[in-house]
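For reference, the structure is listed below as structure tokens.
Counting starts at 1 for both ligands and their atoms, following the listed order.
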Amino acid sequence: MAIQLSHFSSSSTTFSSFDHKISYFSKWVTDIHFRRQLRNNFELKSTNGYPLNAIPMQDEGSVAKTLGEEVPFPEFGEANSMLSITVVGASGDLAKKKIFPALFALYYEDWLPENFVVYGYARTKMTDEELRNMISKTLTCRIDRRENCQDKMEEFLKRCFYHSGQYNSEEHFLELNCKLKERESGKLSNRLFYLSIPPNIFVDVVRCASTKASSATGWTRVIVEKPFGRDSESSRELTKCLKQYLTEDQIFRIDHYLGKELVENLSVLRFSNLVFEPLWSRNYIRNVQFIFSEDFGTEGRGGYFDNYGIIRDIMQNHLLQILALFAMETPVSLDAEDIRNEKVKVLKSMKQLQLEDVVVGQYKGHSKGGKSYPGYIDDPTVPKDSVTPTFAAAALFINNARWDGVPFLMKAGKALHTKRAEIRVQFRHVPGNLYRRNFGTDVDKATNELVLRLQPDEAIYLKINNKVPGLGMRLDRSDLNLFYKTRYTREIPDAYERLLLDAIEGERRLFIRSDELDAAWALFTPLLKEIEENKIMPELYPYGSRGPVGAHYLAAKHNVRWGDLSVDGLFLPAFAAGKICLDGFLLLYSSSLSKKFKDQKRFWWSGFEVLLSVIQI
Ligand SMILES: NC(=O)C1=CN([C@@H]2O[C@H](COP(=O)(O)OP(=O)(O)OC[C@H]3O[C@@H](n4cnc5c(N)ncnc54)[C@H](OP(=O)(O)O)[C@@H]3O)[C@@H](O)[C@H]2O)C=CC1
Ligand SMILES: O=C1O[C@H](COP(=O)(O)O)[C@@H](O)[C@H](O)[C@H]1O
């Protein structure tokens, strides 16, 4: 949807001379002051004439479905419209942890429209006051503007209400509708429902909300949380059921990784810098790695997790979405449909995943420093004989002209040694490198690597080789580093803030379209079936370790070394200092291992693993 800016009647400034620049730029504006200034001077208008900022914008079909006839919209200003946000499943973990805090942050930073209310909906009996109490515990203020935090919290909480009801009761949603109408008091209403509930009740809620609590005058949108099914078939079925009550335009399938700052920056980095896009292909890139690790287990979510496993929980959605953004062709424009069209194309060009290109693991209990950490199957909500993977590594391939033969490696795991998410791009070796003598035999050590660290400590850095100052010719590895904390003082918004704001503004760029979802499931479904039908045993790894050794074999099979385990960069000084004694240690270790392992590769990778753990001590 192309966006135009129209004058807000109270604005005394004339902006028409640079309207065209702003309309191009407005989607990508991230500076809060600039956007706030825009809000004060303009309303953002969509091409259908309805402003985007919580001003009437009817998603196709919802009026007709609710009332049986089209309702002509009068022009309303912000003062005459109301945004109602209903968090369904308000008593739950995600609502408390992420959704209410994100709504408050938006309010605190003046992103929400003048008139809005937030309703919590769940079965748990609660009064408005009890809901306010519950959510007040998780609200926090931005670091840079704490002074009026308490006042802002109180103002926000006054706009929060609660309605208790069953998820499949049309009657209860009708009651909610009456309450919403009362608060809207004749204003034009836009309604956003956030389904923060288990997936088995998505359709019931959508049926009840759309038939009994849709807006009769403005738009009605529904944010749906993952998981969107368990495989191609169940996902298609879910989409079919949702579409009985909603149009595709009303469904906002959320993948919160798409709302992360660095993921937003991926396209900016690539398409607005001359130095990257020309290198973005098989000609210069050797492999790309998408790495997700958490240093805690499934604590508290074992019941949910056991039914899904790490491949569905992280790979098929978060990592694959980032991969699609990374690998897509240049979209025609920054319009949501243009971007999503390119993502679908690249997903459809991917080779179906094969079991031989996948390694699965599961964490086991481990004691360290007098503390013991439970294994996955020690979780009381997990069956003792569960073979659900809590770790997986996979090699994926894109069969198109740009990426033919380039391994795209993914690695995701729980209960590992660290919490991090990053994209690593390893470039090809320099052909005929004049300085190869200075690198020794291992040219991989001298490879240029671009790293986008999504979290924690967001950063973009490029590993390069340079000369150590002095009269000799010694080469060194250095990072050209954009470290967000030192470059920007502003706190990075949470992904849910960006995504909620986008849903309110009708911006679909960061939400998943149904054909994207189909393409994503098509890639993973046969593999998941094979793993489950054949009960493939996951390789056990200790809680807090670097994951199964099998992940190194998989990488080695494709001539890749995991960048997060590389021995340069941070580890280099320790590596240099300890090398001599480590070599001795490795020699002893390897001679004992050689009896156990006939396979040479396994033998050396095991040695490599030990080397790494020793360096860390
Ligand atoms: N928690 C997280 O970190 C993340 C969650 N998600 C997704 O978000 C959604 C919500 O997650 P989360 O908040 O953890 O879920 P919860 O298990 O906390 O469920 C949310 C609410 O739904 C109701 N509920 C729970 N189980 C059932 C059931 N079997 N039948 C009917 N109602 C039930 C409960 O409310 P009441 O009893 O009051 O009705 C509960 O408070 C899920 O789809 C999840 O997959 C996605 C990413 C991360
Ligand atoms: O969707 C999910 O994401 C979280 C990790 O999110 P993050 O933003 O904290 O990195 C993960 O813990 C959870 O298992 C998964 O369902």
Does a donor on one side chain and an acceptor on the other come within less than 3.5 Å for D379 and T381? yes

I'd like to know if the side chain of K411 pairs up with that of Q289 as donor and acceptor (distance under 3.5 Å, no hydrogens or angles considered). no

Could you tell me whether some N/O pair between I197 and ligand 1 is separated by less than 3.5 angstrom? yes

Go through ligand 1 atom by atom and flag the ones less than 4.0 Å from a non-hydrogen atom of D93. 1 (N), 2 (C), 3 (O), 13 (O), 14 (O), 18 (O)

For ligand 1, find out whether one of its N or O atoms is nearer than 3.5 Å to an N or O atom of N200. no

Measure the distance from atom 44 (C) of ligand 1 to every protein heavy atom, then report the residue, atom name and distance (to 0.1 Å) of the closest one. K226 O, 3.6 Å

Looking only at side chains, do S367 and S372 share a donor and an acceptor under 3.5 Å apart? no

When only distance counts, is S91 in polar contact with ligand 1, meaning an N/O pair under 3.5 Å? yes

among protein heavy atoms, the one nearest atom 25 (C) of ligand 1 is P198 CG, 3.6 Å

Salt bridge R453-E422, side-chain N to carboxylate O under 4.0 Å: no

Among the heavy atoms of K98, does any lie under 4.0 Å from an atom of ligand 1? no

Are S386 and D306 close enough that a side-chain donor and a side-chain acceptor fall under 3.5 Å? yes

Side chains of R191 and N177 only: does a donor on one sit below 3.5 Å from an acceptor on the other? yes

Which of the numbered atoms in ligand 1 are below 4.0 angstrom from a heavy atom of K97? 1 (N), 2 (C), 3 (O)

How far is atom 11 (O) of ligand 1 from its nearest protein heavy atom, and which residue and atom name does that atom have? L94 CB, 3.9 Å

Does a salt bridge link R132 with E129, judged by any charged N lying under 4.0 Å from a carboxylate O? yes

Quick check on contacts: which atoms of ligand 1 are under 4.0 angstrom from a heavy atom of I201? 31 (C), 32 (N)

For atom 23 (C) of ligand 1, find the nearest protein heavy atom and state the residue, atom name and distance (0.1 Å precision). Y167 OH, 3.5 Å

Proximity winner for atom 5 (C) of ligand 1, if only heavy atoms of R301, H318, H256, E225 are counted: R301

Any side-chain donor near an acceptor of the partner, N287 and Q426, under 3.5 Å: yes

Give the atom numbers and elements of ligand 1 that come within less than 4.0 Å of a heavy atom of A122. 38 (O), 39 (O)

Just by distance, with hydrogens left out, do S545 and Y363 show a side-chain donor and acceptor under 3.5 Å apart? no

Using a cut-off of under 3.5 Å, which N/O atoms of ligand 2 pair up with protein N/O atoms, and what distance separates each pair?
unit_1: ligand 2; atom_1: 1 (O); unit_2: K226; atom_2: NZ; d: 2.6
unit_1: ligand 2; atom_1: 1 (O); unit_2: H318; atom_2: NE2; d: 2.8
unit_1: ligand 2; atom_1: 6 (O); unit_2: H256; atom_2: NE2; d: 3.1
unit_1: ligand 2; atom_1: 8 (O); unit_2: H256; atom_2: NE2; d: 2.8
unit_1: ligand 2; atom_1: 8 (O); unit_2: K260; atom_2: NZ; d: 2.7
unit_1: ligand 2; atom_1: 10 (O); unit_2: Y257; atom_2: OH; d: 2.4
unit_1: ligand 2; atom_1: 10 (O); unit_2: Q455; atom_2: NE2; d: 2.7
unit_1: ligand 2; atom_1: 12 (O); unit_2: E294; atom_2: OE1; d: 3.4
unit_1: ligand 2; atom_1: 12 (O); unit_2: E294; atom_2: OE2; d: 2.5
unit_1: ligand 2; atom_1: 12 (O); unit_2: K414; atom_2: NZ; d: 3.4
unit_1: ligand 2; atom_1: 14 (O); unit_2: R301; atom_2: NH1; d: 3.2
unit_1: ligand 2; atom_1: 14 (O); unit_2: D313; atom_2: OD2; d: 2.6
unit_1: ligand 2; atom_1: 14 (O); unit_2: K414; atom_2: NZ; d: 2.8
unit_1: ligand 2; atom_1: 16 (O); unit_2: K226; atom_2: NZ; d: 2.7
unit_1: ligand 2; atom_1: 16 (O); unit_2: R301; atom_2: NH1; d: 3.3
unit_1: ligand 2; atom_1: 16 (O); unit_2: D313; atom_2: OD1; d: 2.7
unit_1: ligand 2; atom_1: 16 (O); unit_2: D313; atom_2: OD2; d: 3.4

Considering only the protein, which heavy-atom contact is closest to atom 20 (C) of ligand 1, and what is its distance? S196 O, 3.4 Å

Please determine whether a side-chain nitrogen of the Lys or Arg among R498 and E261 lies less than 4.0 Å from a carboxylate oxygen of the Asp or Glu. yes

So, is R123 polar-close to ligand 1, with some N/O to N/O distance under 3.5 Å? yes

Short check: is a protein heavy atom less than 4.0 Å from atom 38 (O) of ligand 1? yes

State, without any angle test, whether T220 and Q250 hold a side-chain donor-acceptor pair at a distance under 3.5 Å. no

Does any N or O atom in F202 lie less than 3.5 angstrom from one in ligand 1, N or O only? no

If we count only non-hydrogen protein atoms and require a distance under 4.0 Å, does atom 18 (O) of ligand 1 qualify as touching the protein? yes

Would you please say whether a donor-acceptor pair under 3.5 Å links the side chains of N265 and Y484? yes

Shortest non-hydrogen contact from Q166 to R123? OE1-CD, 3.6 Å

Classify the side-chain pair H417/D295 by whether it contains a donor and acceptor separated by less than 3.5 Å. no

Is E532 salt-bridged to R312, cutoff N-O under 4.0 Å? yes

